[in-house]
Amino acid sequence: MRVFVDCDPGIDDAVALAYLAARPDVEIAGVGAVFGNNAVEVTADNALRLLELYGRPDVPVAVGCARPLVQEPRLAPHVHGANGLGDVELPEPARKPEMESAPELLVRLARENPGELDVLAVGPLTNLAVAVGMEPKLPQLVRKLVVMGGAVSTPGNVGPHGEANIVNDPEAAETVFGAGFDLDLVALDVTMGTVATPEWLAELALVPGDKAQHTTGFLDFYADFYSRIYGVRQCAMHDPLAAAVLVDPRLVTGSFEAPIRVETAGTLTRGMTVADRRPVPSTDERRPVRVVTSVADAEFLRLMLDALR
């Protein structure tokens with residue numbers, strides 16, 4: 001399985017990369033960095049550091065978009081720490097980012113490997129929207145796209161209706177959802193119920209080695225953030241769950257298909273992901289998205305712990 005990862009590392013992005021890097025049946029073909037959890041220069045540097053930590057130092061990393069298509073960027077150091085990795089310091093990376101931009105790298109890899117490349121997008125979708133503009137046939141060249149983002153039937157996390165990755169660039173998300181990808185959406189509807197529990201975090205903390213111990217440090221910061229909001233020291237596994245859905249689709253136990261549109265104009269609903277679930281046949285020609293609603297979360301957490309061992 002060849003996977004291109006578009007991400008904004010970010011604590012949960014880091015754990016997603018750990019999951020993919022641990023799988024001998026997965027080739028990480030490239031990583032595109034985007035603004036989001038931090039500035040794009042920081043997220044690209046974090047990607048390089050994380051790939052070295054998790055044993056994939058040769059994966060090419062490209063710097064992508066530094067801002068959304070229309071609005072000003074909004075970063076999240078209060079969630080992910082000043083450095084994006086829970087203020088855990090990793091060694092300086094041995095390599096530099098590629099000369100190509102992230103959209104250019106994605107388009108080139110898709111053209112060179114038509115029908116063979118899967119894409120995991122766990123940050124704002126700006127890089128993907130730009131890539132579709134560069135190569136309108138990208139949805140046909142890519143085999144599968146899994147997006148972590150949106151809040152379809154559940155409250156948002158950066159507003160009443162908005163999830164961070166979509167709200168950070170609604171125009172880009174609307175472009176991607178309408179482009180015609182074979183697309184699975186892993187939204188807050190399922191990720192907020194798939195949590196690293198206190199018991200799981202304690203078990204991870206006992207695993208020896210730099211990989212597990214640094215990841216424990218990342219997740220300690222993340223769990224502290226969540227505990228201030230929910231009163232329980234645990235954290236949602238947003239991006240790692242999306243990675244697992246891509247690599248292990250058997251983990252999905254519930255889903256529905258519907259066209260998805262992103263609200264770009266509403267004063268209170270900008271960034272909202274709207275699924276048309278009416279029972280009457282839709283005249284919408286937009287390709288339906290598979291929205292994941294439930295997963296085998298206990299098995300996922302076991303696989304995640306195995307990866308970090």
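In this chain, residues are counted from 1 in sequence order.
At least one donor-acceptor pair closer than 3.5 Å links the side chain of Asp87 to the backbone N or O of Ala82. Proximity of a side-chain donor or acceptor of Thr253 to a complementary backbone N or O of Ser294 within less than 3.5 Å is detected. Within the 3.5 Å criterion, the main-chain N or O of Val289 finds no donor-acceptor partner in the side chain of Arg286. Using a distance-only test at 3.5 Å, with no hydrogens or angles considered, a donor-acceptor pair links the side chain of Arg95 to the main chain of Pro57. Counting only distance, with no hydrogens or angles, the side chain of Arg56 and the backbone of Ala21 share a donor-acceptor pair below 3.5 Å. Judged by distance alone, with hydrogens and angles left aside, the side-chain atoms of Thr273 form no donor-acceptor pair with the main-chain N or O of Val262 at under 3.5 Å. The main-chain N or O of Val122 is never found under 3.5 Å from a side-chain atom of Asp6 such that the two would form a donor-acceptor pair. Glu263 contributes a side-chain N or O that, together with a main-chain N or O of Ala265, makes up a donor-acceptor pair within less than 3.5 Å. In this structure a side-chain-to-backbone donor-acceptor pair under 3.5 Å is present from Asn165 to Met148. Without hydrogens or angle criteria, Glu135 side chain to Ala110 main chain gives no donor-acceptor distance under 3.5 Å.
To the nearest 0.5 Å, atoms CG (Asn168) and OG1 (Thr126) are separated by 8.0 Å. Taken to the nearest 0.5 Å, the CG atom of Leu109 stands 11.5 Å off from the CG atom of Leu141. Taking CG of Leu17 as the start and SG of Cys7 as the end, the distance is 5.0 Å to the nearest 0.5 Å. Atom-to-atom distance recorded for Met237:CE and Asp12:CG is 8.5 Å, nearest 0.5 angstrom. The line from CD of Glu27 to CG of Asn113 is 8.0 Å long, rounded to the nearest 0.5 Å. For the atom pair CG (Asp8) and SG (Cys65), the distance works out to 12.5 Å, reported to the nearest 0.5 Å.
Hydrophobic clustering (side-chain heavy atoms under 4.5 Å, transitive across Ile, Leu, Val, Met, Phe, Trp, Tyr) groups Val5 together with Leu90. Val195 and Leu188 are members of different hydrophobic clusters when ILVMFWY side chains are connected at heavy-atom separations under 4.5 Å. Put simply, Tyr230 and Leu219 are part of the same group of oily side chains (I, L, V, M, F, W, Y) that touch within less than 4.5 Å, one to the next. A continuous path of hydrophobic side-chain contacts links Met1 to Phe300 [ILVMFWY only; heavy atoms under 4.5 Å]. Cluster annotation: Leu201 is connected to Val15 through the hydrophobic network of ILVMFWY side chains, with a link wherever side-chain heavy atoms come within less than 4.5 Å.
The two atoms that bring Leu204 and Ala212 nearest to each other are CD1-CB, 4.0 Å, heavy atoms only. Shown here for Ala62 and Leu105, the closest heavy-atom pair between the two residues is CB-CD2, 3.8 Å. Closest of all the heavy-atom pairs between Ala44 and Val63 is CB-CG2, 3.7 Å.
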(request) Begin from the C-alpha positions of Asp184 and Leu246 and carry the test side-chain contact (heavy atoms from CB on, under 4.5 Å) through to its verdict. (result) CA-CA 8 Å; Asp184 287 357; Leu246 174 61; over 6 Å; no
Margin query: With side-chain contact (heavy atoms from CB on, under 4.5 Å) as the criterion, how do Trp200 and Gln234 come out once you've worked through the C-alpha distance, each side chain's angles and the decisive distance to 0.1 Å?
Written below: CA-CA 9 Å; Trp200 190 91; Gln234 60 188 26; over 6 Å; no
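Every residue meeting the side chain to side chain donor-acceptor pair (under 3.5 Å) condition with Glu199, not counting sequence neighbours, appears here in chain and number order: Thr197.
Side-chain contact, Gln213 with Thr216: no donor N or O sits under 3.5 Å from an acceptor N or O. There is no side-chain donor-acceptor pair under 3.5 Å between Asp189 and Thr293. Looking only at atom types and distance, the side chain of Tyr19 has no donor-acceptor partner in the side chain of Asp306 under 3.5 Å away. Side-chain contact annotation: Asn46 with Asn83, donor-acceptor N/O pair under 3.5 Å absent.
Geometrically, Arg277 engages Phe256 in a cation-pi contact, judged by NZ or CZ lying under 6.0 Å from the ring centre and within 45° of the ring axis.
With respect to the salt-bridge test (charged N to carboxylate O, under 4.0 angstrom), the residues Arg49 and Asp45 qualify. Contact check on Glu104 versus Arg108 returns no salt bridge, with no Lys/Arg side-chain nitrogen under 4.0 Å from an Asp/Glu carboxylate oxygen. For Arg23 and Asp248, the salt-bridge test passes: some basic side-chain N is under 4.0 Å from an acidic carboxylate O. Ionic pairing of Arg302 and Asp297 is not present here: no N-O contact between side-chain nitrogen and carboxylate oxygen is shorter than 4.0 angstrom.
In this structure, the side chains of Lys211 and Tyr54 come closer than 4.5 Å at one or more pairs of heavy atoms. Between Val292 and Leu185, every side-chain heavy-atom pair lies at or beyond the 4.5 Å cut-off. Val119 has its side chain within reach of Leu106: a pair of non-hydrogen atoms, C-beta onward, lies under 4.5 Å apart. Side chains of Ile11 and Phe225 form no contact here, defined as non-hydrogen atoms less than 4.5 Å apart. The shortest distance between side-chain heavy atoms of Val167 and Arg270 does not fall below 4.5 Å. Annotation: side chain of Leu53 is in contact with side chain of Asp210 (closest heavy-atom distance under 4.5 Å). Looking only at side-chain heavy atoms (C-beta outward), Leu145 and Asp182 stay at 4.5 Å or farther from each other. Side-chain contact between Asp58 and Leu51: absent, with no pair of heavy atoms (C-beta onward) separated by less than 4.5 Å.
For the side-chain hydrogen bond (donor to acceptor under 3.5 Å, both in side chains) with Asp118, the qualifying choice from Arg2, Lys144, Arg143 is Arg143, the only one to do so.
In this structure, His238 and Tyr222 have perpendicular ring planes: the angle between them is above 60°, well past the 30° mark.
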